[in-house]
Amino acid sequence: MSDNGPTPVVIVHGGVSAPASHQDGCEEAAAAGLAVLAGGGAAIDAVVEATRHLEDDDRFNAGHGSRLRLDGSTIQMDAAVMDSDGGFGAVAAVSDVPNPIIVARRLVDAPPMILAGEGASRFAARHGLTGDVRVTDAARSKFRHMAALASRGKLGREYSAWRRFDLAANWNYETPFPDFAAVAREEDPNPDDCDTVGAVALDARGGFAASSSTGGTALMLLGRVGDSPLPGCGLYAGPAGAVTATGEGEEIISRLLSKWVYDRMASGITAQAACDDAITLFPADIVIGVLGVTRTGHGCAANRAMPWAMAGARPA
Ligand code: ASP
């Protein structure tokens, strides 16, 4: 930290188990966030800009590039932003919004903190923020691969809850329960990757912010909301720092993971040690990644590969 205050920094991740080839997208997003801080902007607007960048890069599972849900055609996204002044905004299960993080940012200045589904879409429309969300070949390929695993009884151990679950009896999509075997194709080399995106930032005034945006996980009923839009779960920011998480949302929610990491950082444990400790809370077959920043350093840990990038000087 200089005499004039902290040196601004933005750190982003591109999702746990996302391929290393996505690294350049993270670097560009971090640089875009840092440009906001360099222009005197606040941490909250820096993480929003970095996240918007990743939502527009359709290699990531957020905005354009979001996963398809189990009917093979629906997209539902979650996104949130939080800052150390107590600002919070989130959208959940929105479909026709290319940049959910921008809608979440609008909600920071509105009385409701979280809007879901149709209400979120109508709010977005009032702000001119609705539009088509691209369905990528990668999203179709991941869906066909998941259909293959599901129809052949080959879901991995990380899906143990789903293996015990009667999906047909609980099917809540408009279309009838699909014949997964008919669309199945084991063509995706990395079907389990999460690829949710997130960012944390520290601005020149000492303010922190965290963000998160996702198309969700591989197996989801209609209307499923993950950790990403929930404060303390997928993200958290306070006077001691900011945290964002990626991985199996239900596992993250049940541990209030981002608040857990934040509390450790606030108690004086380094950001890196707090992130490392967080990973040990999960069995090895649950994919998890976490990113944190404090005034004195940053931390990044994951139990699979996770592209991430930092722009700005490392907090001293
Ligand atoms: N946490 C996200 C979710 O469960 C998925 C991810 O991190 O990729 O929706």
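Indexing begins at 1, ligand by ligand and atom by atom, following the structure's order.
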**Item:** Residue selection (non-hydrogen contact nearest atom 6 (C) of ligand 1) among Leu230, Val225, Val16, Thr196
**Value:** Thr196

**Asked** Non-hydrogen atoms of Gly234 versus ligand 1: any pair closer than 4.0 Å?
**Response** no

**Prompt:** Does the ring center of Trp260 lie less than 6.0 Å from the ring center of Tyr262?
**Reply:** no

**Request:** Could you tell me which residues satisfy salt bridge (charged side-chain N to carboxylate O under 4.0 Å, His left out) with Arg122, sequence neighbours excluded, listed by chain and number?
**Result:** Glu118

**Asked** Hey, looking at atom 2 (C) of ligand 1, which of Gly247, Gly226, Gly216 has the closest heavy atom?
**Response** Gly247

**Message:** Does the plane of the ring in Trp308 sit parallel, tilted or perpendicular to the ring in His298? Use 30° and 60° as the thresholds.
**Reply:** tilted

**Asked** Checking side-chain hydrogen bond (donor to acceptor under 3.5 Å, both in side chains) for the pair Arg106/His127: CA distance, chi angles, key distance, verdict?
**Response** CA-CA 9 Å; Arg106 295 287 168 105; His127 291 268; 2.9 Å; yes

**Item:** Summary of salt bridge (Lys or Arg N to Asp or Glu O under 4.0 Å) pairs that have at least one residue in residues 261-279, sequence neighbours excluded
**Value:** Lys259-Asp263, Arg264-Asp277

**Request:** Enumerate the atoms of ligand 1 whose separation from the nearest heavy atom of Asp227 is less than 4.0 angstrom.
**Result:** 1 (N), 2 (C), 3 (C), 4 (O)

**Asked** Any nitrogen or oxygen of Asn61, main chain or side chain, under 3.5 Å from a nitrogen or oxygen of ligand 1?
**Response** no

**Request:** Return yes when Glu250 approaches ligand 1 closer than 4.0 angstrom through a heavy atom, no otherwise.
**Result:** no

**Asked** Has ligand 1 got any nitrogen or oxygen that is less than 3.5 angstrom from a nitrogen or oxygen of Thr246?
**Response** yes

**Request:** Identify whether NZ of Lys or CZ of Arg in Arg255 sits under 6.0 Å from the centre of the six-membered ring of Phe282 and within 45° of that ring's axis.
**Result:** yes

